[in-house]
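Working notes, beginning with the structure itself.
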There are 2 protein chains.
Amino acid sequence: MTELERGPLGQRRGRGARERILSASQQLFRDQGINRTGMDQLSAVAQVSKRTAYQHFSSKDELVTEYLRRFDPDVMPGVFDRTDLTPRERLLAAFEMPASTPLCPYIAAAVELHDPGHPASRYARDYKTAIAARLTDTAREAGATNPEQLGEQLALLIDGASVRTRVLDSESFSTAAAIAAVLIDNALQSAPSQAGHTESLSTGGDR
Amino acid sequence: MTELERGPLGQRRGRGARERILSASQQLFRDQGINRTGMDQLSAVAQVSKRTAYQHFSSKDELVTEYLRRFDPDVMPGVFDRTDLTPRERLLAAFEMPASTPLCPYIAAAVELHDPGHPASRYARDYKTAIAARLTDTAREAGATNPEQLGEQLALLIDGASVRTRVLDSESFSTAAAIAAVLIDNALQSAPSQAGHTESLSTGGDR
DNA sequence: CGTTACTTACACAGCCCGGTGTACTTAAGG
DNA sequence: CCTTAAGTACACCGGGCTGTGTAAGTAACG
């Protein structure tokens, strides 16, 4: 047979190993956690020999870090770039998550690895900081009186909703969205721009 | 020597093993996490032979569950019972946490164990539900328009602050407290009782 | 064809983990 | 004194883990 068998994702079995490994990581780390997923099982699911896995990632720690890095374009995919929404609507859109959303992988990794010095933990910290900054930018764009404060507050709400969705399985994101609406309204009521007009003035300048 | 050596906690070395084991669990699970703490190390720190540890707890899983159970009187020690505070003040007092507060052990356990069916995970769920109920009761006592909603919201804020204190190490509890103040004021402004008077009417009735 | 780069199968080393078996020691209490 | 309850020391088992060594296979390219 000149053509090799095909994996469940339709990829060739010889090539593209790296992608399949990262893809399997995404599934297994989410479903079983990082610590409870061994490299043997991971390789099996990725349809890659363990030897190959270690040729692409020098250690499991490195794989975990790379696994987290892959989420950047994924998490909150286009929320901040949706020009069809007003800044205010964009802030609220960050809370529209399906009830089955898994725990934010950055939080999961930081808690599971339990070492603040681990590259993955550092990356999680950076990511959380970046998200807060994005929220702050959008809050400023919306005309909030104290954008830094509002950004930090909304970030906290998102994390709270994420962790409660995991520990309990209540509809925590709608609870968080309700709080967000109150905070946003409070922050905008004493500002010039009001809801219901397309985005216009002051496209963020300091970032 | 008729009297045995004394451990770091002043307890006799032969007796009181169970207490020392739970005490060591508290320290090690907090500092290293559950998964990264082995029974050998735990026994050593507790100054107890591993054999004795397994005579008190039939498995590590059982120890973890018992370890969580020990927090009931600890976490939020008297906040809900402080009659010197008005209900409103009690709700806000729940956010007065030192900046070095470790991640809520129930969240940590649920994330680390990663099995919703694990006894410890179930217990964590029960605990979180109970805390929300306590907050709801206090919110009702304070005269909130929608006590269930406010209780759930405050519970989410606490968890968000807890997890962000761990992942970043910002002063998230003060951020959460600021949000809580807004939510509480919003929920009470259309209610009869106002801030600044000692607790009086309607000591909780339905619990 | 041969070379090059990648992948595979499989065994294995070394470690830590949860948990147990065994035989011994010690304090308390009648 | 003897009994009983509790703890101790220590070796050990089976299993899973990360990571490696080795030798063979295979596609692509010239």
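Proteins come first, then strands; the chains are lettered A, B, ... in the order of their sequence lines, and each starts at number 1. Computed from a prediction, not measured in an experiment: that's the story for all the values here.
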Please tell me which of the listed nucleotides, C:dT7, D:dG7, D:dT18, lies nearest to the side chain of B:Thr52? D:dG7
The side chain of A:Tyr54 lies closest to which of these nucleotides: C:dT8, C:dT7, D:dG19? D:dG19
Backbone N/O of [Y] and side chain of [X]: donor-acceptor pair under 3.5 Å:
X: B:Glu112; Y: B:Ile34; answer: yes
X: A:Asn35; Y: A:Leu113; answer: no
X: B:Thr175; Y: A:Gln153; answer: no

[N] [atom2] sits how many Å from [X] [atom1], rounded?
X: A:Lys60; N: C:dC16; atom1: NZ; atom2: P; value: 16 Å
X: B:Leu42; N: C:dG19; atom1: CG; atom2: C1'; value: 14 Å
X: A:Asp61; N: D:dC17; atom1: CG; atom2: C1'; value: 13 Å
X: B:Phe57; N: C:dT20; atom1: CZ; atom2: P; value: 15 Å
X: B:Glu19; N: D:dG7; atom1: CD; atom2: P; value: 11 Å
X: B:Leu63; N: C:dG19; atom1: CG; atom2: C1'; value: 14 Å

Judged by nearest nucleotide, the residue sitting upstream toward the 5' end of DNA chain C, B:Arg51 or B:Asp40, is B:Asp40
Check each residue of residues 28-38 of chain A for a non-hydrogen atom within less than 4.0 Å of any atom in DNA chain C, then write out the ones that pass by number, or none. none
Below 4.0 Å: OP1/OP2 of D:dA6 and any side-chain N or O of B:His56: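 Indeed not, no polar side-chain atom of B:His56 lies that close.
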Using only side-chain N and O atoms of A:Ser49, determine if any of them is under 4.0 Å from OP1 or OP2 of C:dT8.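 Yes, because at least one side-chain N or O of A:Ser49 sits under 4.0 Å from OP1 or OP2 of C:dT8.
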Side-chain donor/acceptor of B:Lys50 to base of C:dG19, under 3.5 Å: yes
Can we say A:Glu152 and B:Arg164 salt-bridge, meaning some charged N sits less than 4.0 Å from an Asp/Glu carboxylate O? yes
With a 6.0 Å cut-off on ring centres, are B:Tyr106 and B:Tyr127 close enough? yes
For the residue pair B:Arg69 and B:Tyr123, would you count it as a cation-pi contact if the rule is NZ or CZ under 6.0 angstrom from the ring centre and within 45 degrees of the ring axis?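 Geometry flag: set, cation within 6.0 Å and 45°.
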Earlier contact from the 5' end, DNA chain D, for A:Met39 and B:Gln55: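 By nearest-heavy-atom nucleotide position, the 5'-most residue is B:Gln55.
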Identify which one of A:Leu154, A:Leu150, A:Val79 satisfies the side chain to side chain contact (heavy atoms under 4.5 Å, CB included) criterion when paired with A:Leu135. A:Leu154
